[in-house]
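In the text below, chain A, chain B and the rest are named by the order of the sequence lines, each starting its count at 1. If you're wondering where the values come from, they're calculated on a predicted model, not measured in any experiment.
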Protein chains: 2
Amino acid sequence: MTAVETLTYPDPADALELASRAADRGALVTLVGSCTVEYEGRAASSLGLGDRHVMLKPDGAALVHTDEGQQPVNWQPPGCEHSVSVDDGSLVVRSTRSTPEESLDVVFETVAHAAAFDVSDSEDLALTGTEADLKDRILDEPALVESGFTPLATERETPAGAVDIYGEDTDGRTTILELKRRRVGPDAVGQLGRYVDALDRDLHADTEVRGILVAPSVTDRARQLLAEKGLEFVSLEPP
Amino acid sequence: MTAVETLTYPDPADALELASRAADRGALVTLVGSCTVEYEGRAASSLGLGDRHVMLKPDGAALVHTDEGQQPVNWQPPGCEHSVSVDDGSLVVRSTRSTPEESLDVVFETVAHAAAFDVSDSEDLALTGTEADLKDRILDEPALVESGFTPLATERETPAGAVDIYGEDTDGRTTILELKRRRVGPDAVGQLGRYVDALDRDLHADTEVRGILVAPSVTDRARQLLAEKGLEFVSLEPP
DNA sequence: ACGTACATCTCGAAA
DNA sequence: TTTCGAGGTGTACGT
(Lines give C-alpha, C1' and ligand atoms only; values in the text may rest on other atoms or scores of the structure.)
Protein backbone atom coordinates (compact mmCIF):
# COMPACT_ATOMS: atom_id res chain seq x y z
CA MET A 1 0.00 0.00 0.00
CA THR A 2 1.59 3.24 -1.06
CA ALA A 3 -0.79 6.09 -1.76
CA VAL A 4 -4.07 6.97 -0.10
CA GLU A 5 -6.08 9.95 -1.29
CA THR A 6 -9.11 11.20 0.55
CA LEU A 7 -11.65 13.97 0.09
CA THR A 8 -14.46 14.85 2.48
CA TYR A 9 -17.57 16.49 1.04
CA PRO A 10 -15.72 17.39 -2.16
CA ASP A 11 -17.12 19.33 -5.07
CA PRO A 12 -18.25 16.97 -7.81
CA ALA A 13 -15.41 18.26 -9.96
CA ASP A 14 -12.80 17.39 -7.32
CA ALA A 15 -14.30 13.96 -6.72
CA LEU A 16 -14.25 13.38 -10.47
CA GLU A 17 -10.62 14.38 -10.68
CA LEU A 18 -9.64 12.02 -7.87
CA ALA A 19 -11.64 9.12 -9.28
CA SER A 20 -10.35 9.59 -12.80
CA ARG A 21 -6.71 9.69 -11.78
CA ALA A 22 -7.19 6.72 -9.47
CA ALA A 23 -8.85 4.63 -12.15
CA ASP A 24 -6.05 5.45 -14.58
CA ARG A 25 -3.39 4.12 -12.24
CA GLY A 26 -5.36 1.02 -11.29
CA ALA A 27 -6.35 2.08 -7.80
CA LEU A 28 -9.43 1.07 -5.84
CA VAL A 29 -11.95 3.90 -5.57
CA THR A 30 -14.62 4.39 -2.93
CA LEU A 31 -17.38 6.96 -2.99
CA VAL A 32 -19.88 7.50 -0.21
CA GLY A 33 -22.89 9.75 -0.42
CA SER A 34 -26.54 10.22 -1.16
CA CYS A 35 -27.33 8.73 -4.55
CA THR A 36 -29.80 6.99 -6.79
CA VAL A 37 -28.97 3.74 -8.59
CA GLU A 38 -30.35 2.39 -11.83
CA TYR A 39 -29.51 -1.00 -13.28
CA GLU A 40 -30.51 -2.60 -16.55
CA GLY A 41 -29.34 -5.88 -18.01
CA ARG A 42 -30.25 -9.45 -17.11
CA ALA A 43 -32.94 -7.82 -15.00
CA ALA A 44 -33.66 -4.17 -14.20
CA SER A 45 -33.79 -2.25 -10.97
CA SER A 46 -34.30 1.20 -9.59
CA LEU A 47 -33.27 2.54 -6.22
CA GLY A 48 -34.36 5.91 -4.84
CA LEU A 49 -32.27 8.43 -2.99
CA GLY A 50 -30.28 7.18 -0.01
CA ASP A 51 -26.80 6.98 1.50
CA ARG A 52 -24.60 4.27 0.01
CA HIS A 53 -21.02 3.13 -0.29
CA VAL A 54 -19.76 2.60 -3.83
CA MET A 55 -16.59 0.63 -4.55
CA LEU A 56 -14.92 0.58 -7.97
CA LYS A 57 -12.26 -2.09 -8.31
CA PRO A 58 -9.38 -1.96 -10.78
CA ASP A 59 -10.59 -5.22 -12.35
CA GLY A 60 -13.82 -3.53 -13.38
CA ALA A 61 -16.07 -4.73 -10.59
CA ALA A 62 -18.49 -2.26 -9.02
CA LEU A 63 -20.31 -2.65 -5.71
CA VAL A 64 -23.04 -0.53 -4.17
CA HIS A 65 -23.57 -1.23 -0.49
CA THR A 66 -26.25 0.08 1.85
CA ASP A 67 -25.98 -0.01 5.64
CA GLU A 68 -27.57 -3.47 5.69
CA GLY A 69 -26.88 -6.91 4.31
CA GLN A 70 -23.90 -8.89 3.27
CA GLN A 71 -24.77 -8.52 -0.41
CA PRO A 72 -24.47 -5.29 -2.37
CA VAL A 73 -27.83 -3.76 -3.28
CA ASN A 74 -26.50 -3.26 -6.81
CA TRP A 75 -23.33 -4.35 -8.53
CA GLN A 76 -21.47 -5.01 -11.73
CA PRO A 77 -19.11 -7.95 -12.25
CA PRO A 78 -15.37 -7.77 -13.00
CA GLY A 79 -14.52 -6.81 -16.57
CA CYS A 80 -16.82 -3.83 -16.75
CA GLU A 81 -15.86 -0.38 -17.98
CA HIS A 82 -16.23 2.31 -15.36
CA SER A 83 -16.73 5.92 -16.32
CA VAL A 84 -17.00 8.77 -13.86
CA SER A 85 -18.32 12.15 -14.94
CA VAL A 86 -20.10 15.26 -13.78
CA ASP A 87 -23.51 15.71 -15.30
CA ASP A 88 -25.72 18.66 -14.48
CA GLY A 89 -23.59 19.35 -11.42
CA SER A 90 -23.86 15.78 -10.11
CA LEU A 91 -21.17 13.16 -9.91
CA VAL A 92 -22.21 10.18 -12.03
CA VAL A 93 -20.66 6.73 -12.07
CA ARG A 94 -21.52 4.55 -15.01
CA SER A 95 -20.39 0.94 -15.32
CA THR A 96 -21.15 -1.09 -18.42
CA ARG A 97 -20.37 -4.36 -20.14
CA SER A 98 -21.50 -6.38 -23.11
CA THR A 99 -22.36 -10.13 -23.25
CA PRO A 100 -24.67 -9.61 -21.66
CA GLU A 101 -25.38 -5.95 -22.23
CA GLU A 102 -25.61 -4.45 -18.78
CA SER A 103 -25.31 -1.01 -17.30
CA LEU A 104 -25.22 0.44 -13.83
CA ASP A 105 -25.71 4.13 -13.15
CA VAL A 106 -25.07 5.81 -9.83
CA VAL A 107 -26.02 9.48 -9.61
CA PHE A 108 -24.83 11.29 -6.50
CA GLU A 109 -26.89 14.08 -5.03
CA THR A 110 -24.06 14.76 -2.62
CA VAL A 111 -20.65 13.14 -2.28
CA ALA A 112 -19.71 12.87 1.37
CA HIS A 113 -16.46 11.06 0.79
CA ALA A 114 -14.20 10.07 -2.07
CA ALA A 115 -11.04 8.00 -1.72
CA ALA A 116 -8.48 6.11 -3.76
CA PHE A 117 -6.29 3.26 -2.52
CA ASP A 118 -3.32 1.69 -4.24
CA VAL A 119 -3.86 -1.83 -2.98
CA SER A 120 -1.73 -4.82 -3.87
CA ASP A 121 -2.46 -8.36 -2.83
CA SER A 122 -0.46 -11.35 -4.02
CA GLU A 123 -1.76 -13.83 -1.49
CA ASP A 124 -4.21 -16.61 -2.27
CA LEU A 125 -6.85 -17.74 0.17
CA ALA A 126 -6.13 -21.12 1.75
CA LEU A 127 -9.50 -22.73 2.39
CA THR A 128 -10.18 -26.07 4.06
CA GLY A 129 -13.37 -27.94 4.77
CA THR A 130 -14.47 -27.99 1.14
CA GLU A 131 -15.87 -30.80 -0.95
CA ALA A 132 -12.38 -31.36 -2.37
CA ASP A 133 -11.12 -32.04 1.16
CA LEU A 134 -13.91 -34.54 1.71
CA LYS A 135 -12.90 -36.24 -1.55
CA ASP A 136 -9.27 -36.49 -0.43
CA ARG A 137 -10.37 -37.92 2.87
CA ILE A 138 -12.31 -40.69 1.13
CA LEU A 139 -9.54 -41.46 -1.36
CA ASP A 140 -7.14 -41.75 1.58
CA GLU A 141 -9.42 -44.10 3.47
CA PRO A 142 -12.20 -45.56 1.25
CA ALA A 143 -13.40 -47.78 4.10
CA LEU A 144 -14.92 -44.65 5.66
CA VAL A 145 -17.62 -45.02 3.02
CA GLU A 146 -17.91 -48.78 3.16
CA SER A 147 -15.62 -51.68 3.88
CA GLY A 148 -14.28 -52.95 0.58
CA PHE A 149 -15.09 -49.87 -1.48
CA THR A 150 -12.43 -49.22 -4.12
CA PRO A 151 -12.23 -45.82 -5.84
CA LEU A 152 -11.29 -46.17 -9.52
CA ALA A 153 -11.67 -42.63 -10.81
CA THR A 154 -12.69 -39.10 -9.85
CA GLU A 155 -14.65 -36.71 -12.01
CA ARG A 156 -15.53 -39.62 -14.29
CA GLU A 157 -17.65 -38.39 -17.16
CA THR A 158 -21.15 -39.72 -17.78
CA PRO A 159 -23.78 -38.49 -20.26
CA ALA A 160 -25.34 -36.67 -17.30
CA GLY A 161 -22.18 -35.01 -16.05
CA ALA A 162 -19.09 -35.87 -14.01
CA VAL A 163 -19.33 -38.26 -11.06
CA ASP A 164 -17.43 -37.19 -7.95
CA ILE A 165 -16.00 -40.64 -7.19
CA TYR A 166 -16.44 -43.72 -9.39
CA GLY A 167 -15.48 -47.16 -8.06
CA GLU A 168 -16.69 -50.59 -7.12
CA ASP A 169 -17.83 -52.25 -3.93
CA THR A 170 -16.48 -55.40 -2.33
CA ASP A 171 -18.59 -57.51 -4.73
CA GLY A 172 -17.19 -55.74 -7.79
CA ARG A 173 -20.42 -53.83 -8.35
CA THR A 174 -20.07 -50.39 -9.89
CA THR A 175 -20.61 -47.82 -7.13
CA ILE A 176 -20.60 -44.05 -7.48
CA LEU A 177 -20.42 -41.37 -4.80
CA GLU A 178 -21.87 -37.89 -4.79
CA LEU A 179 -20.11 -35.76 -2.18
CA LYS A 180 -21.48 -32.76 -0.34
CA ARG A 181 -19.66 -30.78 2.30
CA ARG A 182 -22.84 -29.96 4.20
CA ARG A 183 -26.33 -31.21 4.96
CA VAL A 184 -28.19 -31.76 1.71
CA GLY A 185 -31.70 -31.52 0.37
CA PRO A 186 -33.57 -33.04 -2.55
CA ASP A 187 -31.40 -31.39 -5.20
CA ALA A 188 -28.36 -33.51 -4.36
CA VAL A 189 -30.43 -36.68 -4.56
CA GLY A 190 -31.60 -35.65 -8.01
CA GLN A 191 -28.02 -35.12 -9.05
CA LEU A 192 -26.91 -38.55 -7.86
CA GLY A 193 -29.98 -40.12 -9.44
CA ARG A 194 -29.14 -38.63 -12.83
CA TYR A 195 -25.63 -40.05 -12.72
CA VAL A 196 -26.83 -43.50 -11.69
CA ASP A 197 -29.46 -43.55 -14.44
CA ALA A 198 -26.94 -42.42 -17.02
CA LEU A 199 -24.44 -45.11 -16.03
CA ASP A 200 -27.13 -47.79 -15.84
CA ARG A 201 -27.99 -46.96 -19.44
CA ASP A 202 -24.39 -46.52 -20.56
CA LEU A 203 -22.93 -49.66 -19.03
CA HIS A 204 -26.08 -51.79 -19.39
CA ALA A 205 -24.42 -54.32 -17.10
CA ASP A 206 -26.37 -57.19 -15.60
CA THR A 207 -26.26 -55.55 -12.18
CA GLU A 208 -27.50 -52.07 -11.42
CA VAL A 209 -25.15 -49.27 -10.45
CA ARG A 210 -25.10 -48.35 -6.77
CA GLY A 211 -25.34 -44.67 -5.87
CA ILE A 212 -24.22 -43.39 -2.50
CA LEU A 213 -24.73 -39.85 -1.26
CA VAL A 214 -21.91 -38.89 1.11
CA ALA A 215 -22.63 -35.86 3.28
CA PRO A 216 -22.80 -34.89 6.96
CA SER A 217 -26.59 -35.39 6.95
CA VAL A 218 -29.73 -35.22 4.81
CA THR A 219 -33.15 -33.63 5.18
CA ASP A 220 -36.25 -35.80 5.61
CA ARG A 221 -37.42 -35.16 2.07
CA ALA A 222 -34.02 -36.04 0.70
CA ARG A 223 -33.97 -39.28 2.68
CA GLN A 224 -37.38 -40.17 1.32
CA LEU A 225 -36.23 -39.45 -2.23
CA LEU A 226 -33.15 -41.62 -1.69
CA ALA A 227 -35.38 -44.52 -0.66
CA GLU A 228 -37.69 -44.06 -3.65
CA LYS A 229 -34.78 -44.14 -6.06
CA GLY A 230 -32.99 -47.00 -4.33
CA LEU A 231 -30.04 -44.81 -3.45
CA GLU A 232 -27.96 -44.91 -0.29
CA PHE A 233 -26.54 -42.46 2.21
CA VAL A 234 -23.34 -42.44 4.24
CA SER A 235 -22.73 -39.77 6.86
CA LEU A 236 -19.28 -38.23 6.55
CA GLU A 237 -17.88 -34.74 7.02
CA PRO A 238 -14.96 -32.91 5.49
CA PRO A 239 -11.88 -33.12 7.77
CA MET B 1 -25.73 11.49 5.68
CA THR B 2 -24.50 13.66 8.48
CA ALA B 3 -21.07 12.85 9.86
CA VAL B 4 -18.01 11.57 8.07
CA GLU B 5 -14.84 10.85 10.00
CA THR B 6 -11.60 9.99 8.30
CA LEU B 7 -8.07 9.13 9.37
CA THR B 8 -5.12 8.53 7.05
CA TYR B 9 -2.32 6.27 8.28
CA PRO B 10 -3.57 6.57 11.88
CA ASP B 11 -1.95 5.06 14.93
CA PRO B 12 -3.72 1.82 15.85
CA ALA B 13 -5.01 3.54 18.98
CA ASP B 14 -6.60 6.34 16.97
CA ALA B 15 -8.11 3.92 14.49
CA LEU B 16 -9.50 1.93 17.41
CA GLU B 17 -11.00 5.02 18.94
CA LEU B 18 -12.71 6.01 15.70
CA ALA B 19 -14.01 2.50 15.03
CA SER B 20 -15.30 2.04 18.56
CA ARG B 21 -17.19 5.32 18.62
CA ALA B 22 -18.58 4.68 15.15
CA ALA B 23 -19.80 1.20 16.04
CA ASP B 24 -21.48 2.56 19.17
CA ARG B 25 -23.53 5.07 17.23
CA GLY B 26 -24.43 2.60 14.46
CA ALA B 27 -22.19 3.98 11.77
CA LEU B 28 -20.61 2.11 8.89
CA VAL B 29 -16.87 1.63 9.37
CA THR B 30 -14.23 1.08 6.70
CA LEU B 31 -10.62 0.13 7.27
CA VAL B 32 -8.00 -0.18 4.57
CA GLY B 33 -4.52 -1.52 5.07
CA SER B 34 -2.13 -4.41 5.04
CA CYS B 35 -3.57 -7.29 7.03
CA THR B 36 -3.93 -11.00 7.52
CA VAL B 37 -7.31 -12.71 7.74
CA GLU B 38 -8.24 -15.91 9.55
CA TYR B 39 -11.66 -17.53 9.44
CA GLU B 40 -13.01 -20.54 11.22
CA GLY B 41 -16.53 -21.90 11.24
CA ARG B 42 -18.46 -23.82 8.59
CA ALA B 43 -15.05 -24.12 6.94
CA ALA B 44 -11.69 -22.57 7.76
CA SER B 45 -9.44 -20.23 5.83
CA SER B 46 -6.19 -18.37 6.12
CA LEU B 47 -5.02 -15.39 4.12
CA GLY B 48 -1.49 -14.02 4.23
CA LEU B 49 -0.43 -10.41 4.38
CA GLY B 50 -1.85 -8.10 1.73
CA ASP B 51 -3.76 -4.86 1.20
CA ARG B 52 -7.51 -5.15 1.73
CA HIS B 53 -10.62 -3.10 2.32
CA VAL B 54 -12.65 -4.06 5.38
CA MET B 55 -16.24 -2.91 5.84
CA LEU B 56 -18.13 -3.27 9.11
CA LYS B 57 -21.86 -2.66 8.80
CA PRO B 58 -24.10 -1.58 11.67
CA ASP B 59 -26.22 -4.72 11.19
CA GLY B 60 -23.21 -6.88 12.06
CA ALA B 61 -22.07 -7.81 8.58
CA ALA B 62 -18.35 -7.76 7.83
CA LEU B 63 -16.74 -7.75 4.39
CA VAL B 64 -13.09 -8.13 3.42
CA HIS B 65 -12.40 -7.12 -0.17
CA THR B 66 -9.22 -7.45 -2.18
CA ASP B 67 -8.53 -5.51 -5.37
CA GLU B 68 -10.16 -8.26 -7.42
CA GLY B 69 -13.49 -9.97 -7.72
CA GLN B 70 -17.05 -9.12 -7.02
CA GLN B 71 -17.15 -11.33 -3.95
CA PRO B 72 -15.38 -10.58 -0.68
CA VAL B 73 -12.41 -12.84 0.00
CA ASN B 74 -13.70 -13.25 3.56
CA TRP B 75 -16.84 -12.12 5.29
CA GLN B 76 -19.23 -12.51 8.15
CA PRO B 77 -23.02 -12.38 7.75
CA PRO B 78 -25.36 -9.83 9.38
CA GLY B 79 -26.03 -10.41 13.05
CA CYS B 80 -22.42 -10.85 14.07
CA GLU B 81 -20.71 -9.12 16.94
CA HIS B 82 -17.81 -6.93 15.91
CA SER B 83 -15.03 -6.11 18.29
CA VAL B 84 -12.10 -3.85 17.47
CA SER B 85 -9.03 -3.78 19.65
CA VAL B 86 -5.32 -3.16 19.68
CA ASP B 87 -3.25 -6.22 20.36
CA ASP B 88 0.53 -6.17 20.50
CA GLY B 89 0.47 -2.81 18.74
CA SER B 90 -1.73 -4.05 15.89
CA LEU B 91 -5.30 -3.11 15.13
CA VAL B 92 -7.43 -6.26 15.30
CA VAL B 93 -10.98 -6.70 14.09
CA ARG B 94 -12.82 -9.73 15.36
CA SER B 95 -16.30 -10.69 14.22
CA THR B 96 -18.11 -13.66 15.71
CA ARG B 97 -21.46 -15.37 15.79
CA SER B 98 -23.03 -18.54 17.10
CA THR B 99 -25.31 -21.01 15.23
CA PRO B 100 -23.12 -21.76 13.58
CA GLU B 101 -20.10 -20.89 15.66
CA GLU B 102 -17.99 -18.73 13.37
CA SER B 103 -15.22 -16.23 13.83
CA LEU B 104 -13.34 -13.87 11.56
CA ASP B 105 -10.10 -12.21 12.59
CA VAL B 106 -8.43 -9.40 10.70
CA VAL B 107 -5.03 -8.32 12.00
CA PHE B 108 -3.66 -5.13 10.49
CA GLU B 109 0.06 -4.70 10.05
CA THR B 110 -0.59 -1.12 8.98
CA VAL B 111 -3.79 0.85 8.78
CA ALA B 112 -3.68 3.15 5.78
CA HIS B 113 -7.17 4.49 6.23
CA ALA B 114 -10.00 4.40 8.73
CA ALA B 115 -13.39 5.99 8.24
CA ALA B 116 -16.87 6.11 9.71
CA PHE B 117 -20.05 7.04 7.85
CA ASP B 118 -23.47 7.75 9.28
CA VAL B 119 -25.48 6.34 6.44
CA SER B 120 -29.25 6.14 6.31
CA ASP B 121 -31.22 4.46 3.58
CA SER B 122 -34.98 4.05 3.69
CA GLU B 123 -35.45 3.12 0.06
CA ASP B 124 -36.26 -0.37 -1.14
CA LEU B 125 -34.90 -1.75 -4.37
CA ALA B 126 -37.48 -2.04 -7.14
CA LEU B 127 -36.45 -5.04 -9.22
CA THR B 128 -38.12 -6.39 -12.35
CA GLY B 129 -37.36 -9.34 -14.56
CA THR B 130 -37.60 -11.89 -11.75
CA GLU B 131 -39.35 -15.23 -11.65
CA ALA B 132 -42.24 -13.55 -9.85
CA ASP B 133 -42.66 -11.24 -12.84
CA LEU B 134 -42.72 -14.24 -15.18
CA LYS B 135 -45.40 -15.79 -12.97
CA ASP B 136 -47.53 -12.65 -13.12
CA ARG B 137 -47.14 -12.56 -16.86
CA ILE B 138 -48.46 -16.11 -17.18
CA LEU B 139 -51.32 -15.56 -14.75
CA ASP B 140 -52.30 -12.49 -16.78
CA GLU B 141 -52.23 -14.39 -20.05
CA PRO B 142 -52.17 -18.18 -19.56
CA ALA B 143 -52.42 -18.75 -23.33
CA LEU B 144 -48.76 -17.72 -23.53
CA VAL B 145 -48.02 -21.17 -22.16
CA GLU B 146 -50.65 -23.03 -24.11
CA SER B 147 -54.07 -22.30 -25.52
CA GLY B 148 -56.64 -23.45 -22.99
CA PHE B 149 -54.32 -23.63 -20.00
CA THR B 150 -56.08 -22.59 -16.81
CA PRO B 151 -54.09 -21.70 -13.69
CA LEU B 152 -55.81 -22.91 -10.53
CA ALA B 153 -53.21 -22.20 -7.84
CA THR B 154 -49.72 -20.91 -7.25
CA GLU B 155 -47.25 -22.33 -4.77
CA ARG B 156 -49.47 -25.39 -4.45
CA GLU B 157 -47.94 -27.81 -1.97
CA THR B 158 -46.98 -31.33 -2.93
CA PRO B 159 -45.06 -33.94 -0.90
CA ALA B 160 -42.01 -32.90 -2.93
CA GLY B 161 -42.38 -29.16 -2.42
CA ALA B 162 -44.41 -26.26 -3.78
CA VAL B 163 -45.34 -26.10 -7.46
CA ASP B 164 -44.91 -22.69 -9.12
CA ILE B 165 -48.20 -22.83 -11.03
CA TYR B 166 -50.79 -25.59 -10.75
CA GLY B 167 -53.61 -25.83 -13.26
CA GLU B 168 -55.25 -27.83 -15.99
CA ASP B 169 -55.04 -27.95 -19.74
CA THR B 170 -57.85 -27.60 -22.25
CA ASP B 171 -58.72 -31.31 -21.74
CA GLY B 172 -58.98 -30.91 -17.97
CA ARG B 173 -55.70 -32.72 -17.40
CA THR B 174 -53.70 -31.62 -14.39
CA THR B 175 -50.77 -29.53 -15.64
CA ILE B 176 -48.03 -27.97 -13.55
CA LEU B 177 -45.48 -25.34 -14.49
CA GLU B 178 -41.97 -24.83 -13.23
CA LEU B 179 -40.79 -21.30 -13.98
CA LYS B 180 -37.24 -20.07 -14.45
CA ARG B 181 -36.24 -16.54 -15.28
CA ARG B 182 -33.26 -17.64 -17.35
CA ARG B 183 -31.86 -20.51 -19.42
CA VAL B 184 -31.94 -23.69 -17.38
CA GLY B 185 -29.92 -26.86 -16.98
CA PRO B 186 -30.66 -30.36 -15.69
CA ASP B 187 -31.41 -29.23 -12.15
CA ALA B 188 -34.64 -27.51 -13.11
CA VAL B 189 -35.80 -30.62 -14.98
CA GLY B 190 -35.15 -32.67 -11.87
CA GLN B 191 -37.20 -30.22 -9.83
CA LEU B 192 -40.16 -30.39 -12.21
CA GLY B 193 -39.84 -34.18 -12.36
CA ARG B 194 -40.03 -34.47 -8.58
CA TYR B 195 -43.24 -32.43 -8.46
CA VAL B 196 -44.85 -34.42 -11.28
CA ASP B 197 -43.93 -37.73 -9.65
CA ALA B 198 -45.26 -36.57 -6.30
CA LEU B 199 -48.57 -35.44 -7.79
CA ASP B 200 -48.89 -38.59 -9.89
CA ARG B 201 -48.61 -40.58 -6.69
CA ASP B 202 -50.76 -38.22 -4.63
CA LEU B 203 -53.65 -37.80 -7.06
CA HIS B 204 -53.40 -41.30 -8.59
CA ALA B 205 -55.78 -40.14 -11.28
CA ASP B 206 -56.36 -42.21 -14.39
CA THR B 207 -54.36 -39.74 -16.47
CA GLU B 208 -50.80 -38.71 -15.74
CA VAL B 209 -49.92 -35.21 -14.66
CA ARG B 210 -48.35 -32.97 -17.31
CA GLY B 211 -45.22 -31.04 -16.39
CA ILE B 212 -44.11 -28.00 -18.34
CA LEU B 213 -40.85 -26.19 -17.84
CA VAL B 214 -41.26 -22.51 -18.69
CA ALA B 215 -38.00 -20.63 -19.27
CA PRO B 216 -36.29 -18.56 -21.96
CA SER B 217 -34.35 -21.64 -23.12
CA VAL B 218 -32.84 -24.95 -22.01
CA THR B 219 -29.44 -26.61 -22.42
CA ASP B 220 -29.07 -29.73 -24.59
CA ARG B 221 -28.75 -32.01 -21.62
CA ALA B 222 -31.81 -30.51 -19.99
CA ARG B 223 -33.78 -31.00 -23.20
CA GLN B 224 -32.73 -34.63 -23.30
CA LEU B 225 -33.75 -35.13 -19.68
CA LEU B 226 -37.12 -33.55 -20.40
CA ALA B 227 -37.67 -36.06 -23.22
CA GLU B 228 -36.66 -39.00 -21.02
CA LYS B 229 -39.09 -38.00 -18.31
CA GLY B 230 -41.91 -37.12 -20.68
CA LEU B 231 -41.87 -33.49 -19.66
CA GLU B 232 -42.45 -30.48 -21.87
CA PHE B 233 -40.86 -27.10 -22.48
CA VAL B 234 -42.29 -23.72 -23.37
CA SER B 235 -40.03 -20.79 -24.17
CA LEU B 236 -41.05 -17.66 -22.33
CA GLU B 237 -39.14 -14.78 -20.72
CA PRO B 238 -39.93 -12.47 -17.85
CA PRO B 239 -41.38 -9.17 -19.09
C1' DA C 1 -34.37 -22.85 14.28
C1' DC C 2 -34.68 -25.75 9.92
C1' DG C 3 -36.25 -26.59 5.06
C1' DT C 4 -36.88 -25.13 0.43
C1' DA C 5 -36.01 -22.61 -3.70
C1' DC C 6 -34.53 -18.11 -5.99
C1' DA C 7 -30.52 -15.19 -7.44
C1' DT C 8 -28.70 -9.55 -12.19
C1' DC C 9 -26.38 -15.46 -7.85
C1' DT C 10 -20.50 -15.58 -8.47
C1' DC C 11 -16.68 -18.46 -9.49
C1' DG C 12 -13.76 -21.85 -11.64
C1' DA C 13 -12.94 -25.61 -14.77
C1' DA C 14 -13.68 -28.07 -18.86
C1' DA C 15 -15.33 -28.84 -23.43
C1' DT D 1 -18.28 -18.99 -25.30
C1' DT D 2 -21.28 -22.11 -23.06
C1' DT D 3 -22.12 -25.66 -19.66
C1' DC D 4 -21.88 -27.50 -15.30
C1' DG D 5 -21.60 -27.81 -10.44
C1' DA D 6 -19.61 -25.86 -5.95
C1' DG D 7 -20.20 -22.26 -2.53
C1' DG D 8 -18.22 -20.64 4.46
C1' DT D 9 -23.01 -19.38 -1.17
C1' DG D 10 -26.80 -15.19 0.73
C1' DT D 11 -31.73 -14.08 0.97
C1' DA D 12 -36.64 -14.49 1.60
C1' DC D 13 -40.38 -17.09 3.13
C1' DG D 14 -42.18 -20.79 4.94
C1' DT D 15 -43.19 -24.27 9.14
Q: Go through dT11(D), dT9(D), dT8(C) for me and flag the one nearest to the Pro78(B) side chain.
A: dT11(D)
(Q) Under 4.0 Å from OP1 or OP2 of dG8(D): is there any side-chain N or O of Ser45(B) that close? (A) no
Q) Given dA6(D), dA5(C), dG8(D), which nucleotide is nearest the side-chain atoms of Tyr195(B)? A) dA5(C)
Q.
On the side chain of Asp220(B), is there an atom forming a donor-acceptor pair with the base of dT3(D) - under 3.5 Å, no angle test?
A. no
(Q) If you define the side chain from C-beta out and look only at heavy atoms, does anything of Thr154(B) sit under 4.5 Å from Leu139(B)? (A) yes
Q: Scan Glu157(B) against the nucleic acid and name what it touches under 4.0 Å (heavy atoms): base, sugar-phosphate only, or nothing.
A: nothing
Q: With the side chain of Leu125(B) defined as its heavy atoms from C-beta on, choose the nearest nucleotide among dC11(C), dT8(C), dG8(D).
A: dT8(C)
(Q) Does a side-chain N or O of Arg221(B) approach OP1 or OP2 of dT2(D) to a distance below 4.0 Å, or not? (A) no
Q. Is Ala160(A) touching bases, backbone alone, or none of the nucleic acid, heavy atoms closer than 4.0 Å?
A. sugar-phosphate
Q. Nearest of dT8(C), dA1(C), dC2(C) to any side-chain atom of Ala43(A)?
A. dT8(C)
Q: Output yes when at least one side-chain N/O atom of Trp75(A) is less than 4.0 Å from OP1 or OP2 of dC9(C), else no.
A: no
Q | Whichever of Ser98(A) and Gly185(B) has its nearest DNA chain D nucleotide further upstream toward 5' | A | Ser98(A)
Q. Mind checking whether Thr130(B) and Pro238(B) have side chains closer than 4.5 Å, heavy atoms only?
A. no
(Q) Whether the side chain of Gln76(A) engages the backbone of Ser95(A) through a donor-acceptor N/O pair (distance < 3.5 Å, no angle test) should be reported. (A) yes
Q: Please figure out whether Arg181(B) or Val218(A) has its closest DNA chain C nucleotide nearer the 5' end.
A: Val218(A)
Q: Would you mind reading off the distance between Asp133(B) atom CG and dC6(C) atom C1', rounded to a whole angstrom?
A: 13 Å
**Q.** Beyond-backbone contact of His65(A) with Lys57(B), side-chain heavy atoms, under 4.5 angstrom
**A.** yes
Q: Take atom CD of Glu155(A) and atom C1' of dG5(D), then tell me their distance rounded to the nearest Å.
A: 10 Å
Q) Which of the following nucleotides, dG8(D), dA6(D), dC6(C), is nearest to the side chain of Gln191(A)? A) dA6(D)
Q: State which of dG5(D), dT10(C), dC6(C) makes the closest approach to the side chain of Asp164(B).
A: dC6(C)
Q. Atom CZ of Arg156(B) to atom P of dA5(C): distance rounded to whole Å?
A. 15 Å
(Q) Checking contacts here: which listed nucleotide (dC4(D), dG7(D), dT8(C)) is nearest the side-chain heavy atoms of Glu131(A)? (A) dG7(D)
Q: Examine dT9(D): is either OP1 or OP2 under 4.0 Å from a nitrogen or oxygen in the side chain of Arg182(A)? Give yes or no.
A: yes
Q | For atom NE2 of His65(B) and atom P of dT10(C), their distance in whole Å | A | 13 Å
Q. Reckon Gln76(B) touches a base, only the sugar-phosphate, or nothing at all at heavy-atom distances under 4.0 Å?
A. base
Q.
So, taking the atom named OG1 in Thr175(A) and the one named CD1 in Ile165(A), what distance separates them when rounded to the nearest 0.5 Å?
A. 11.5 Å
Q: Check the distance between dT3(D)'s P and Leu225(B)'s CG and give it to me in whole angstrom.
A: 15 Å
Q: Would you tell me if any nitrogen or oxygen in the side chain of Arg97(A) comes within less than 4.0 Å of OP1 or OP2 on dT8(C)?
A: no
Q. Of the candidate nucleotides dC9(C), dT11(D), dT10(C), which contains the atom at the shortest distance from the side chain of Gln70(A)?
A. dT11(D)
Q: Take atom P in dT8(C) and the same atom in dT4(C), then report the distance between them in whole Å.
A: 23 Å
Q. If you look at every strand shown and take non-hydrogen atoms under 4.0 Å, does Ala61(B) touch a base, only sugar-phosphate, or nothing?
A. nothing
Q. dA6(D) P sits how many Å from Leu213(A) CG, rounded?
A. 11 Å
Q | Non-hydrogen side-chain atoms of Phe149(B) and Leu177(B) separated by less than 4.5 Å | A | yes
Q. Looking for any heavy atom pair under 4.0 Å, which part of the strands does Gly129(B) touch: base, sugar-phosphate only, or nothing?
A. nothing
**Q.** Nucleotide nearest Arg42(B) when distance is taken to its side chain, options dT9(D), dT11(D), dC9(C)
**A.** dT9(D)
Q: Could you state the atom-to-atom distance from NZ of Lys135(B) to C1' of dA5(C) in whole Å?
A: 12 Å
Q. When we call it a touch if two heavy atoms are under 4.0 Å apart, what does Asp187(B) touch: a base, just sugar-phosphate, or nothing?
A. nothing
Q) For Glu68(B) and Thr130(B), take the nucleotide of DNA chain C holding the closest heavy atom to each; which residue's nucleotide lies nearer the 5' end? A) Thr130(B)
**Q.** Candidates Lys180(A), Arg223(A), Glu237(A), Arg183(A) - the one meeting side chain to side chain donor-acceptor pair (under 3.5 Å) with Ser217(A)
**A.** Arg183(A)
(Q) So Ile138(A) and Leu179(A), do their side chains get closer than 4.5 Å, heavy atoms only? (A) yes
Q. Taking the side chain of Lys180(B) as its heavy atoms from C-beta onward, which of dT1(D), dT10(C), dC6(C) lies nearest to it?
A. dC6(C)
Q) To the nearest Å, how far apart are Gln71(B) CD and dC9(C) C1'? A) 8 Å
